[in-house]
Amino acid sequence: MNKVRTRFAPSPTGALHAGTVRTALFAWLVARQNQGEFILRIEDTDQARSDQNAINNITATLKYVGLDWDEGPGIGGKFGPYTQSERLDIYRDWANKLIENGRAYPDNTSQEHLEVMRQADKKAGRAFLFRNHRPKTTPAKASDTPLRFLSDPKSYSWVDLVMGDLSAGPEAVDDFILIKSDGYPTYNFAHIIDDYLMDISHVIRSQEFISSVPKYLNLYEALGIKVPLFATVPQVVGESGTRKLSKREGAKQLLEYQTMGVLPEAMLNFLATIGWNDGSEQEIFSKEELIKKFTLQRVQRSPGQFDEKRLLWLNGHYIRELQFDELVKLSDGYWSKSASKFDQAYKNRVLKLVQSRLKYLDELGALTSFFFEDLPIKPGLISTHKKLKDLTAQQLTDLLTKTLNELERSDFSLEDIKTRLDKLLEETSQTPAVLFSLIRIATTQSEASPELAESLEVLGKDTVLRRIKNSISSTEKA
RNA sequence: GGCCCCUUCGUCUAGUGGUUAGGACACCGGGUUCUCAUCCCGGAAACACGGGUUCGACUCCCGUAGGGGUCACCA
């Protein structure tokens with residue numbers, strides 16, 4: 001069997017989102033599991049829409065999720081260049097071969113006339129086929145005359161590695177533009193030439209191209225070149241459940257998740273399991289396992305929905321699995337501003353307390369800010385608390401005062417804090433639901449926090465006593 | 001509209017003629033001295049519909065409906 005070579009061939013017209021990257025991932029997995037090669041090719045044949053920012057976004061996104069490429073722009077390779085705008089001569093040569101064979105013809109039908117014909121066909125309830133309107137005579141070939149493929153309509157059936165047996169009638173084959181008036185090839189033409197010249201074994205792409213395959217098959221024949229294997233990956237749809245993932249659908253570009261602090265291994269796991277699983281009940285897959293277990297045959301044929309909740313669950317899982325020193329490194333940059341005045345040792349103690357609570361790194365600041373600054377007192381935390389709202393100000397003050405007196409005598413070791421909290425429960429004959437809630441609110445002024453004793457220990461005696469005193473004076477006023 | 005593809009809990013899915021239709025996320029309830037999270041236990045929740053074939057259909061066949069893609073000098 002020939003060497004497996006797969007490619008990711010995006011057009012640089014915007015930021016990558018999950019759907020596109022998932023397709024890239026599948027192509028990458030096929031290459032890696034077969035000791036093959038993964039090629040990055042930039043399809044910038046649309047001059048107006050392509051730009052360098054998008055190219056940067058593509059490479060940054062691939063690097064984020066760890067999809068390395070063996071050949072591509074920048075790094076080169078034996079089949080370069082890997083940017084289509086640098087391959088114009090190649091397409092022209094192949095186009096000339098088609099002209100010589102009588103399989104391509106210049107056509108300068110105006111956009112207006114095309115539109116008229118399209119409307120007429122639409123009205124007649126049939127698909128528009130240019131070949132039904134081929135001009136009797138072809139214009140002289142000038143440099144700005146578009147070149148059309150002269151199709152040879154017939155039925156095709158072929159095998160798709162994901163979708164299975166597919167077929168279509170001759171109505172799916174038409175005369176399409178090969179070279180545009182600006183001299184650039186269309187996608188339909190360029191990708192076929194490139195896949196052939198770059199020795200691509202598997203063309204793995206998303207669903208919108210499936211109905212164009214018969215046209216491509218017809219072109220492969222005209223060109224007399226070998227047809228690669230096809231694998232069509234269904235789309236990833238957005239929250240609506242129907243529409244394709246897009247900016248309009250509210251989809252984030254993938255790099256936003258990097259900024260949020262979604263770990264690459266979580267993103268990879270998530271992407272791979274939209275529309276794929278190994279047949280078992282396994283949910284967590286490492287990159288190595290994916291390489292070992294992935295098969296195109298087990299890719300779902302129906303679209304998959306992007307479920308951010310599931311992504312965040314996976315990410316939480318991977319954060320919990322992280323070695324602590326690894327988490328320390330990754331957390332850098334996600335702390336609240338107020339944390340900058342504290343040393344790393346203190347931050348580490350805080351981090352230990354929240355590792356199991358983080359769904360994504362960017363939550364860190366909000367989750368831990370009370371460890372670094374006295375938050376403003378929020379009376380609502382008590383007045384709406386289901387266990388505290390019915391206590392009088394006097395009762396609250398009493399409880400806090402007793403707590404203050406007890407903790408003042410503590411050496412603030414975790415052990416001692418726990419002992420004294422237990423003692424307070426006895427003395428006040430309050431349930432933890434009341435007393436601990438109150439202390440927690442007084443010392444954190446937050447909706448939620450890690451375990452009370454541990455939080456107090458990390459906060460330290462001075463801070464805890466100060467905050468309790470502040471709370472007392474605030475409840476007295478109320 | 002023509003052509004093509006798709007259809008199991010809200011979501012991701014297991015399932016390839018005989019299962020109490022399984023798991024996970026999310027959700028709800030309970031437990032872990034308080035909250036949030038983790039962890040553990042439990043709950044609700046699906047075979048789009050209609051015909052066949054068969055002793056027996058989620059599984060096979062045919063329709064119907066719904067959804068998606070495509071019909072560009074965009075990819």
Side-chain angles (χ1 to χ4, degrees), chain A residues 9-11 13 43-46 48-50 107-109 111 114-115 118 121-130 146-148 160 163-164 166-169 171-172 174 176-182 184-188 190-191 205-214 232 234-235 237 239 241-244 270 273-284 300-307 309-314 316-317 320 353-359 367 381 385 387-388 418 421-422 425 431-441 444 446-453:
Chain A
S11 69
T13 55
E43 309 218 322
D44 59 344
T45 54
D46 185 340
R49 294 201 306 150
S50 299
D107 167 56
N108 57 10
T109 308
Q111 292 297 333
L114 280 170
E115 194 51 34
R118 272 190 205 109
D121 276 332
K122 190 173 182 178
K123 215 170 150 190
R126 56 175 179 254
F128 171 72
L129 286 171
F130 186 87
L147 192 69
R148 264 187 202 274
D160 185 287
M163 302 303 288
L166 298 176
S167 59
E171 65 282 344
D174 193 18
F176 56 93
I177 300 279
L178 265 11
I179 306 280
K180 301 181 274 187
S181 58
D182 63 3
Y184 279 64
T186 57
Y187 165 81
N188 293 145
H191 89 272
R205 72 203 345 161
S206 68
Q207 217 181 27
E208 63 259 36
F209 299 105
I210 203 163
S211 50
S212 297
V213 169
T232 301
Q235 261 147 6
V237 297
E239 303 286 331
T242 55
R243 276 161 302 166
K244 186 171 113 174
F270 174 66
T273 51
I274 305 177
W276 176 86
N277 76 87
D278 70 342
S280 74
E281 290 182 349
Q282 186 170 346
E283 306 284 342
I284 306 296
Q300 213 72 15
R301 291 180 185 181
S302 46
Q305 191 167 320
F306 185 93
D307 183 0
K309 290 247 178 65
R310 186 177 153 80
L311 169 63
L312 261 24
W313 165 70
L314 275 166
H317 169 83
R320 273 172 252 131
L353 260 29
V354 295
Q355 179 163 13
S356 71
R357 281 155 234 265
L358 287 170
K359 290 252 183 289
L367 237 43
L381 288 176
H385 188 104
K387 297 283 185 186
L388 301 177
K418 280 182 173 166
L421 287 176
D422 283 341
L425 283 175
T431 59
V434 172
L435 184 67
F436 288 8
S437 294
L438 178 61
I439 302 175
R440 194 176 52 73
I441 289 169
T444 67
S446 300
E447 299 279 354
S449 74
E451 303 251 319
L452 182 59

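Each chain gets a letter, A, B and so on, in the order its sequence line appears, and its residues count up from 1.
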Inset, instruction - Please tell me which of the listed nucleotides, B:C12, B:C34, B:C73, lies nearest to the side chain of A:Leu452? - result: B:C34
Inset, instruction - Indicate whether any N or O donor in one side chain lies under 3.5 Å from an N or O acceptor in the other, for A:Asp107 and A:Thr109. - result: yes
Legend entry - Under 3.5 Å side-chain donor-acceptor pair for A:Glu208 and A:Ser206: yes
Within the structure shown, what part of the strands sits under 4.0 Å from [X] by heavy-atom distance: base, sugar-phosphate, or nothing?
{"X": "A:Ser181", "value": "base"}
{"X": "A:Arg49", "value": "base"}
{"X": "A:Lys122", "value": "nothing"}
{"X": "A:Glu451", "value": "base"}
{"X": "A:Gln235", "value": "sugar-phosphate"}
{"X": "A:Glu283", "value": "base"}
{"X": "A:Leu435", "value": "nothing"}

Legend entry - Any donor-acceptor pair under 3.5 Å from A:Ser446 side chain to A:Thr444 backbone: yes
Inset, instruction - Answer yes or no: is there a donor N or O on one side and an acceptor on the other, between the side chain of A:Asp160 and the main chain of A:Thr232, under 3.5 Å? - result: yes
Legend entry - Closest-nucleotide ordering on RNA chain B, the 5'-leading residue of A:Gly304 and A:Ser356: A:Gly304
Inset, instruction - Please give the nucleotide sitting opposite B:C55 as a Watson-Crick or G-U wobble pair, both distances under 3.5 Å, or none. - result: B:G18
Inset, instruction - Sort out the partner of B:A45 for me: Watson-Crick or G-U wobble, both distances under 3.5 Å, none otherwise. - result: none
So, is [X] close to the [N] phosphate, meaning a side-chain N or O under 4.0 Å from OP1 or OP2?
{"X": "A:Thr431", "N": "B:U33", "answer": "no"}
{"X": "A:Asn277", "N": "B:A14", "answer": "yes"}
{"X": "A:Arg118", "N": "B:C73", "answer": "yes"}
{"X": "A:Lys180", "N": "B:A72", "answer": "no"}

Inset, instruction - Nearest whole angstrom, please: distance from the C1' of B:A72 to the CG of A:Asp107. - result: 13 Å
Inset, instruction - Answer yes or no: is there an ion pair linking A:Glu283 with A:Arg310, defined by an N-O contact shorter than 4.0 Å? - result: yes
